[in-house]
Protein chains: 2
Amino acid sequence: MAPPPAPQTMKERILETADKLFYLQGIRAIGVDTIAAEIGISKRTLYNHFPSKDALIAAYLERRFVQPRASDKAPAEQILATFDSLERRFAAKDFRGCPFVNAVAELGPADRAVKKIAIAFKESRRVWFRDRLNELGVTDAEALATQLVLLVDGSIAQDLVRDDPAMARAAKEAAKVLLRNAGVDVGDKAAAKPGKRAARYP
Amino acid sequence: MAPPPAPQTMKERILETADKLFYLQGIRAIGVDTIAAEIGISKRTLYNHFPSKDALIAAYLERRFVQPRASDKAPAEQILATFDSLERRFAAKDFRGCPFVNAVAELGPADRAVKKIAIAFKESRRVWFRDRLNELGVTDAEALATQLVLLVDGSIAQDLVRDDPAMARAAKEAAKVLLRNAGVDVGDKAAAKPGKRAARYP
DNA sequence: TTTTGGTTACACAGACCTGTGTACTTAGGC
DNA sequence: GCCTAAGTACACAGGTCTGTGTAACCAAAA
């Protein structure tokens, strides 16, 4: 089960470790010494691969900016599956919110480079929702896509402070209502109003 | 129009300045020297009022934890007004997200004290929504209240990175749909589906 | 007037941080 | 064997940060 020795490049080893430490403990909280020590390399080697900590931060965020892979499931399913995946990530103990939002919060509004990539990331997520909604023939896909990313980011923020994966389920239920309201069939009609009422969120 | 000289206590002056700097530039980004210099007092004085920076941070967050004042408007109106108020705050140039979420993001998961007050704050907001929903006779007020705070925090996070007050309006529209779905009358029935489609969120 | 409490000016210890300089070692390709 | 590229060890400059120690100051209360 353990993957083969992994012929990783040094740059990748650095990035991998920086990612883990930056994400889990915060960008400002981690010094380059700590990263180098964690890998067991000298600080000099790190600076031979990245000219500055800022460059390392930028590379860290760019590495986090992965496009969600294509899927052959129905668009509505894909959209809802987003929230299931979110719930799984919340449940993992190494989840610490959105790295882009955290970076903006930590580094402040002055850091234009960080803000730029954060905006790009958020917009890419919104566009992903919008494209699926267009496939479904939703009238105002732009507006609904925005509302869905609000639910995603809202549940991430809430989970960050509360450590409660149920936030993802709450977001999913809300998303269902919004989708149904836009004429999308999301099955499971009953759960909306009376009868078997949805699980409680404490 | 300018308020009278304001017989502020020294402690309050420190807190006020700490609030401004911590919130706008980040807790880690601001040193106690900076705060003292901004007021024009010596660092010694600051440490005579707060035993440590941690204590100052805690006091800063506690000061931010204000209960929303009571209102005699109808509950549904109060709920929706939340999002209007949010939009106004987004439009102000000194808005920098939720101080509690930011603090948790900045200080990391290790800081139990900060996390505790952040959780209390988030819960107080959720309870506020829930109480209004109960007044409206909504069936599952708990779940719906959670969904509404997701919209609030989602729009805050999105505005933090995008600087786009329209996020508050998007949240408000989503909130209307959720409320209507729970049987609450929020007027303005048309905006939901076809006809005059809602404003676009870029 | 004397005392007292808050304040100031200022130095400083001890950490930690980013980034650099330098000389040494090690491994592979020629 | 020799050269090159990459990494290592380690010191250090220059900065920032939190927190303390100390002596002087000033105003108001006693």
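Throughout, a chain's letter reflects where its sequence line sits, starting with A, and its residues are numbered from 1.
With rounding to whole Å, B/Leu107 atom CG is found 14 Å from D/dT18 atom C1'. The distance from atom CD1 of B/Ile35 to atom P of D/dT16 is 16 Å, rounded to the nearest whole Å. Going from atom CD of B/Gln25 over to atom P of D/dC17 covers 11 Å, rounded to whole Å.
Salt bridge annotation for A/Glu87-A/Lys172: absent, with no cationic side-chain nitrogen under 4.0 angstrom from a carboxylate oxygen. By the 4.0 Å N-to-carboxylate-O rule, B/Lys20 lies close enough to B/Glu38 to be salt-bridged with it.
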Would A/Val127 and A/Arg130 count as a side chain to side chain contact (heavy atoms under 4.5 Å, CB included) here? Give the steps.
CA-CA 5 Å; A/Val127 164; A/Arg130 186 202 59 194; 3.5 Å; yes
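Nearer the 5' end of DNA chain C, as judged by each residue's closest nucleotide, is the contact made by B/Ile41, out of A/Arg28 and B/Ile41.
Think of the region where chain A sits on DNA chain C: with heavy atoms and a 4.0 Å cut, that region ends 5' and 3' at C/dT18 to C/dT22.
Side chain of B/Arg132 to backbone of B/Trp128: a donor-acceptor contact under 3.5 angstrom is found. No side-chain donor-acceptor contact under 3.5 Å links A/Gln158 to the backbone of A/Met167.
By the 6.0 Å and 45° rule, B/Arg64 stacks over the aromatic ring of B/Tyr23.
Put simply, the side chain of B/Glu173 does not reach to within 4.5 Å of the side chain of B/Val177, judged on heavy atoms.
Within the structure, side chain to side chain donor-acceptor pair (under 3.5 Å) pairs that include any residue of residues 93-120 of chain B comprise A/Asp163-B/Lys115 (at least two apart or interchain).
For residues 43-63 of chain A, proximity to DNA chain D is found at A/Arg44, A/Thr45, A/His49, defined as any non-hydrogen atom under 4.0 angstrom from a strand atom.
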